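Working notes, structure below.
Bear in mind that the values here come from a model prediction, so they are computed numbers and not experimental data.
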Amino acid sequence: MNRTFIYQNQMIEYDLQYKKVKNINLRIKPDGKIMVSASKYVPQRMIDDFLFSKGDFILNVLSKYALSASKEPVRYFSEEEVQNVILRLCRTAYPYYKNFGIVDPTIQFRTMVSRWGSCHPTKGILTFNLNLMYAPRECIQYVVWHEFTHFLQANHSNKFYEELEKVCPDWKVCRKKLKEIRIL
């Protein structure tokens, strides 16, 4: 349900959803939509107080998103070029994973909204987001290593990140750069 609160003379709209959660949760999407989830037993006054306490943070994030949305994203590659870059990086990464008995995967491309890549270990398929054309080469390399690592660990457990660290020690830096990319 849509609700509003006023902070520093600004009316801020948010979507409140009641869920089976222990805490009041706040998410701000890049499009500026504010999502709040809380238990149905939490009084509205407590939700309002929580949001008011996060007012500076909310305004800061909304401002940051508005600023990045107004900038044209940097395009490093054309669609064809990024496919070729990814295929070359996959050929470079595969020998390492072949040692673990991983079968050479099928590589697919498509435009995705919320992921840079995906791995289907049981089907042997890696899918990469064509929007990686807006990412520098080292970030694309990270996505390739990340998806290949899912053949060894299908989740994002500590073990997964230990494996990823072996082949991509700067994965945290690359992940941060990818999170800053806003596609229009």
Please check if atom CD in Gln44 has more than 12 non-hydrogen atoms from other residues, nucleotides or ligands closer than 6.0 Å. yes
Check the hydrophobic clustering (I, L, V, M, F, W, Y; side-chain heavy atoms under 4.5 Å; chains of links allowed) and say if Leu16 and Met46 are grouped together. yes
Glu138: side-chain hydrogen bond (donor to acceptor under 3.5 Å, both in side chains) partners, not counting sequence neighbours: Lys177
Is there a side-chain contact between Tyr134 and Asn129 in this structure, where contact means two heavy atoms from C-beta onward sitting under 4.5 Å apart? no
With the threshold set at 4.0 Å, does a side-chain nitrogen-carboxylate oxygen contact exist between Lys159 and Glu162? no
All heavy atoms of Phe77 vs all of Ala135, minimum pair found to be CE1-O, 3.6 Å
Any residue meeting side-chain hydrogen bond (donor to acceptor under 3.5 Å, both in side chains) with Gln8, in chain and number order, not counting sequence neighbours: Asp56
Can you confirm if the aromatic rings of Phe151 and Tyr97 lie within a centre distance of less than 6.0 Å? no
Check: Tyr94 side chain, Pro105 main-chain N or O, donor-acceptor pair, under 3.5 Å: no
Compare all side-chain heavy atoms of Tyr96 with those of Lys166 and state whether any distance is below 4.5 angstrom. yes
Given 3.5 Å as the limit, does a donor-acceptor pair link the side chain of Ser63 with the main chain of Leu59, or not? no
Aromatic ring pairing Tyr161/Trp171, orientation class (parallel under 30°, perpendicular over 60°, tilted between): parallel
Would you say Asn25's side chain and Val36's backbone share a donor-acceptor pair under 3.5 angstrom? no
Could you tell me whether the side chain of Leu26 reaches within less than 4.5 Å of the side chain of Phe50, counting heavy atoms only? yes
Donor-acceptor pair between His156 and His150 side chains, under 3.5 angstrom: yes
Neighbour count >12 (heavy atoms, 6.0 Å) for atom OH, Tyr41: no
